[in-house]
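This structure is a prediction, so every number in the text was calculated from the model and none was measured.
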Amino acid sequence: LWLPRQSPPSGDELYAGSSLGGLWRGSLNGTGWQPLGDNLYGGVDDIVVLDAGAGAPDILITRDGDDIYRSADDGATWIPVNGLPSNMDIRDLVLLGDAAQTVLVYGSSGGQSRVYDSNDWGANFQMRWALAPDWEGGLWVPRVGPGAGTDVYMLHQRKLYRSTSGGSGFTQIGTVASSGSEGRITGSEAGAPTIYVSLRQSGAWNVHRSTDGGSSFSLRSSGIGDYWDTSLCASITDPELLLYGGMECWRSTNGGSSFSKVNTWGSYYSNPQSRLHADIF
């Protein structure tokens with residue numbers, strides 16, 4: 001799910017992607033949905049939306065697993081982007097939010113964790129940064145505030161790295177934990193910022209948090225269940241609000257100390273307008 005937060009784009013439309021359900025666009029009040037992904041096979045794990053200028057349709061870039069596609073005509077046609085390795089294990093697609101509308105892709109290829117960037121509305125990508133060995137981590141970029149447009153946070157081998165140059169160079173600023181085979185990262189701009197990391201440790205997924213911008217971390221939850229390693233998101237305005245997805249959606253209002261189920265997947269069918277469907281990526 002992606003919501004334009006500042007102009008351009010105008011911020012008066014909502015884009016939503018779903019697994020095997022394509023891409024949709026509607027108004028902020030949840031009406032007027034239009035399918036934009038009927039000509040794109042598969043689903044939408046990530047989406048970024050770029051402004052192409054007055055009178056032109058938004059540029060839509062989506063990720064479905066390890067495949068990234070681009071549309072410049074409101075989803076009528078979709079083409080693969082150029083410049084990414086064909087064997088790349090892609091973990092994140094994000095919009096940096098700078099004046100150039102830089103798009104970043106993070107993943108693994110050639111035994112390295114890599115960041116690729118595009119400055120031509122997602123048409124072509126080139127490698128911006130690489131570090132060996134490859135490790136299943138992730139990227140998070142501040143969406144609003146003083147770090148938006150310049151700062152990139154990266155989780156690599158249980159360590160937190162920060163770039164203040166849009167991902168062209170990283171410096172380690174903290175260590176999340178001494179063990180962990182893979183992880184995900186998200187953050188809340190409300191804070192220094194507040195950084196959340198999920199780590200797979202001894203077969204279980206644990207949640208760690210930093211309230212000092214990534215310098216130090218504390219364990220918040222051990223052995224969270226129903227977590228598929230793809231969905232972790234924190235609020236822009238409330239640093240205590242954290243959600244993750246699996247079969248169902250789970251929400252924490254106390255900074256990851258405990259989670260409660262938003263709704264059971266079965267309750268969707270009798271109330272689809274107010275309940276979440278199963279499988280929250």
Side-chain angles (χ1 to χ4, degrees), residues 2 4-6 8-9 15 17 23 44-53 56 58-72 78-157 159-173 183-187 189 193 195 214 230:
W2 186 86
R5 292 183 174 86
Q6 54 189 355
Y15 289 83
L23 177 66
V44 175
D45 294 331
D46 292 316
I47 174 175
V48 298
V49 181
L50 310 177
D51 176 60
D58 291 338
I59 303 294
L60 309 175
I61 305 171
T62 64
R63 179 178 75 88
D64 176 26
D66 296 331
D67 297 317
I68 295 183
Y69 296 92
R70 178 182 185 271
S71 176
W78 293 89
I79 59 174
V81 301
N82 298 313
L84 299 176
S86 59
N87 63 344
M88 187 174 182
D89 177 16
I90 298 176
R91 299 276 284 180
D92 283 308
L93 165 70
V94 298
L95 178 63
L96 183 59
D98 56 354
Q101 300 187 86
T102 302
V103 181
L104 300 178
V105 170
Y106 167 87
S108 300
S109 181
Q112 299 173 320
S113 289
R114 297 181 178 181
V115 176
Y116 284 76
D117 72 89
S118 172
N119 293 119
D120 60 359
W121 296 332
N124 300 279
F125 285 82
Q126 48 278 324
M127 191 166 67
R128 191 165 196 156
W129 174 92
L131 179 65
D134 61 330
W135 197 80
E136 293 186 352
L139 287 187
W140 177 73
V141 297
R143 297 153 287 188
V144 295
T150 58
D151 291 4
V152 182
Y153 292 82
M154 180 186 62
L155 176 67
H156 179 76
Q157 286 194 309
K159 299 177 179 67
L160 185 68
Y161 294 79
R162 179 189 178 193
S163 171
T164 58
S165 57
S168 59
F170 287 86
T171 300
Q172 182 184 339
I173 61 173
R184 301 293 290 172
I185 180 174
T186 190
E189 291 83 351
I195 306 294
T230 58

> Between Glu136 and Gly183, is there a donor-acceptor pair closer than 3.5 Å when you use the side chain of the first and the backbone of the second?
Replying inline: no
>> Evaluate Ile59 against Gln101 for side chain to side chain contact (heavy atoms under 4.5 Å, CB included), listing each step before the verdict.
In response: CA-CA 11 Å; Ile59 303 294; Gln101 300 187 86; over 6 Å; no
> Do Ile185 and Ile195 pass the side chain to side chain contact (heavy atoms under 4.5 Å, CB included) test, and can you show the C-alpha distance, the side-chain angles, and the key distance before you say yes or no?
Replying inline: CA-CA 7 Å; Ile185 180 174; Ile195 306 294; 4.0 Å; yes
> So, do Asp58 and Leu60 sit near enough that their side-chain heavy atoms are less than 4.5 Å apart?
Replying inline: yes
> Atom CG of Asp64 and atom CG of Leu93: how far apart are they, to the nearest 0.5 Å?
Replying inline: 12.0 Å
> Do Pro133 and Gln157 have side chains that get closer than 4.5 Å, going by heavy atoms?
Replying inline: yes
>> For a side chain to side chain contact (heavy atoms under 4.5 Å, CB included) check, start with the C-alpha distance between Val103 and Phe125, then their side-chain angles and the critical distance, and finish with the verdict.
In response: CA-CA 9 Å; Val103 181; Phe125 285 82; 3.9 Å; yes
>> Please check: side-chain N/O of Arg114 versus main-chain N/O of Ser109, any donor-acceptor pairing under 3.5 Å?
In response: yes
> How many angstroms lie between atom OH of Tyr106 and atom NE2 of His156, to the nearest 0.5 angstrom?
Replying inline: 6.5 Å
>> A side-chain contact here means heavy atoms from C-beta on lying under 4.5 Å apart; do Phe170 and Val152 qualify?
In response: yes
> Are Gln112 and Leu131 side-chain neighbours, meaning at least one heavy-atom pair lies under 4.5 Å?
Replying inline: no
>> Under 4.0 Å between a side-chain nitrogen and a carboxylate oxygen: does that hold for Asp92 and Arg63?
In response: no
>> Test your reading of the model: is there a side-chain donor-acceptor pair from Ser163 to the backbone of Gly169, 3.5 Å cut-off?
In response: yes
> When the ring planes of Tyr153 and Trp140 are compared, do they come out parallel, tilted or perpendicular, using 30° and 60° as the limits?
Replying inline: tilted
> Which distance, rounded to the nearest 0.5 Å, do you find between the CG of Leu155 and the OG1 of Thr186?
Replying inline: 11.5 Å
> About how many Å separate OH of Tyr161 and OG1 of Thr171, when rounded to the nearest 0.5 Å?
Replying inline: 9.5 Å
> Does the side chain of Thr102 come under 3.5 Å of the side chain of Asn119 through a donor N or O and an acceptor N or O?
Replying inline: yes
> Between Arg162 and Asp151, is any pair of side-chain heavy atoms under 4.5 Å apart?
Replying inline: yes
> Is a side-chain donor or acceptor of Ser108 paired with a backbone partner of Asp89 at a separation under 3.5 angstrom?
Replying inline: no
>> Please evaluate residues Asp117 and Gln126 with respect to the criterion side chain to side chain contact (heavy atoms under 4.5 Å, CB included), reporting the C-alpha separation (whole Å), side-chain torsions for both, the decisive distance (0.1 Å), and the verdict.
In response: CA-CA 6 Å; Asp117 72 89; Gln126 48 278 324; 3.0 Å; yes
> How long is the span from the CG atom in Leu84 to the CD1 atom in Ile90, to the nearest 0.5 Å?
Replying inline: 5.5 Å
>> Donor-acceptor check, side chain of Asn124 to backbone of Asn82, threshold 3.5 angstrom: yes or no?
In response: no
> For the side chain of Arg184 and the backbone of Gly138, is there at least one donor-acceptor N/O pair under 3.5 Å apart?
Replying inline: no
> Would a distance-only check, ignoring hydrogens and angles, find a side-chain to backbone donor-acceptor pair under 3.5 Å from Ser71 to Trp78?
Replying inline: no
>> Rounded to the nearest 0.5 Å, what separates atom CG in Asp46 from atom CD1 in Ile68?
In response: 8.0 Å
